[in-house]
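Only one structure is covered here, and it is reproduced in the block below.
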Amino acid sequence: MTRSRRRKLIGTVLLVTLVSVYALIAMAVGSVAMADKGRAVQLVFFTIVGLGWVLPAALIVWWMERPRPGEGG
């Protein structure tokens, strides 16, 4: 297995794990912290938390796709 393919396999597993764990934690925290809040506050909270996984996922994708040192790219 080439280094690039191995990196993509690891990155894919990391992405699936990140999204799954992040979603479970966000739902657990949100259901406890937002139980007595109004709908507007809940909407803002879940919108922000719902976008919170994007930056870590982008960093993983960047790591997966970057060329090896010495490769053209």
Side-chain angles (χ1 to χ4, degrees):
M1 180 180 287
T2 66
R3 188 175 192 180
S4 175
R5 289 180 63 187
R6 188 176 320 125
R7 186 183 296 169
K8 288 181 182 183
L9 174 64
I10 293 168
T12 301
V13 170
L14 285 173
L15 280 171
V16 170
T17 304
L18 168 73
V19 171
S20 300
V21 171
Y22 187 88
L24 291 173
I25 291 171
M27 287 187 298
V29 170
S31 66
V32 171
M34 296 290 122
D36 59 344
K37 306 292 189 242
R39 294 281 183 211
V41 174
Q42 289 178 358
L43 177 67
V44 170
F45 173 81
F46 283 110
T47 300
I48 292 169
V49 171
L51 294 172
W53 63 273
V54 174
L55 182 60
L59 292 173
I60 293 171
V61 171
W62 172 81
W63 175 79
M64 286 169 50
E65 297 297 326
R66 70 181 180 166
R68 286 177 35 190
E71 273 187 5

Look at the side-chain heavy atoms of Ile, Leu, Val, Met, Phe, Trp and Tyr, link any pair under 4.5 Å apart, and say whether [X] and [Y] land in one connected group.
X	Y	answer
Leu55	Trp63	no
Trp62	Ile60	yes
Val54	Val19	yes
Val61	Trp53	no
Phe46	Val41	yes

ask   = Can you tell me how far CD1 of Ile10 sits from CG of Leu15, rounded to the nearest 0.5 angstrom?
value =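 If we round to the nearest 0.5 Å, Leu15:CG and Ile10:CD1 are 12.0 Å apart.
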key: Interatomic spacing from OG in Ser4 to CG in Leu9 - rounded to 0.5 Å   = 11.5 Å
Minimum heavy-atom distance [X]-[Y], with the two atoms named:
X	Y	result
Ser31	Ala28	OG-O, 3.0 Å
Thr17	Val13	OG1-O, 2.8 Å
Val49	Tyr22	O-OH, 2.9 Å
Met64	Thr12	SD-N, 3.9 Å
Ala57	Leu18	N-CD2, 3.7 Å

inquiry  = Could you go through Arg7 and Glu65, starting from their C-alpha distance and side-chain angles, then the distance that decides it, and tell me whether this counts as side-chain contact (heavy atoms from CB on, under 4.5 Å)?
reply    = CA-CA 8 Å; Arg7 186 183 296 169; Glu65 297 297 326; over 6 Å; no
ask   = More than 12 non-hydrogen atoms from neighbouring residues, nucleotides or ligands closer than 6.0 Å to CZ on Arg5, yes or no?
value =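 Check fails, neighbour count at 12 or below.
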